[in-house]
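Everything on this sheet refers to the single structure shown next.
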Amino acid sequence: MSFYEIAKADDIPEGTMKAVSIQDKELIVINYEGNYYAINRMCTHMSGDLSKGKLEGKIIICPRHGSRFDVTTGKSISGPRIGFLKLKTKDEPNYQIKIENDVIKIDI
Ligand code: FES
């Protein structure tokens with residue numbers, strides 16, 4: 001288990017997210033109701049950049065085709081919609097977070 005510092009807690013106010021690169025991973029860190037969560041930044045469908053998506057509560061919506069993911073678990077809530085097609089996509093990996101001295105650390 002290796003925790004890496006990724007941001008100060010103040011850098012990610014409640015209801016916002018931040019894109020971070022750590023080791024070989026591209027992630028987004030989300031502050032939902034005062035708790036921090038991290039999932040992969042690239043959508044499991046066709047690599048849409050979730051950091052450019054819309055955050056609605058604990059749901060992040062992919063900017064490319066609208067897949068929805070629960071940021072607290074990484075679970076796919078609904079898949080992409082392309083024309084009349086409603087598809088499925090995989091869950092996003094999520095990562096353990098801890099806060100020490102107002103610093104957000106992530107287990108990679
Ligand atoms: S790339 Fe995210 S829904 Fe298609």
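Since the model is a prediction, treat every value here as computed from it, not as a measurement. Both ligands and their constituent atoms are indexed starting at 1 by order of listing. Heavy atoms only: backbone and side chains are in, while hydrogens, waters and symmetry mates are out.
Ring pair H45/H65 is perpendicular by interplanar angle, where above 60° counts as perpendicular and below 30° as parallel.
With rounding to the nearest 0.5 Å, the separation of OG in S67 from NZ in K90 is 13.0 Å. Taken to the nearest 0.5 Å, the CD1 atom of I99 stands 10.0 Å off from the NZ atom of K105.
Side-chain contact annotation: Y4 with D107, donor-acceptor N/O pair under 3.5 Å absent. Checked by atom type, the side-chain pair T89/T44 shows a donor-acceptor distance below 3.5 Å.
Checking side-chain atoms of D70 against main-chain N and O of K75 turns up no donor-acceptor pair under 3.5 Å.
Shown here are the protein N/O/S atoms lying under 2.8 Å from atom 4 (Fe) of ligand 1, water excluded: H45 ND1, H65 ND1.
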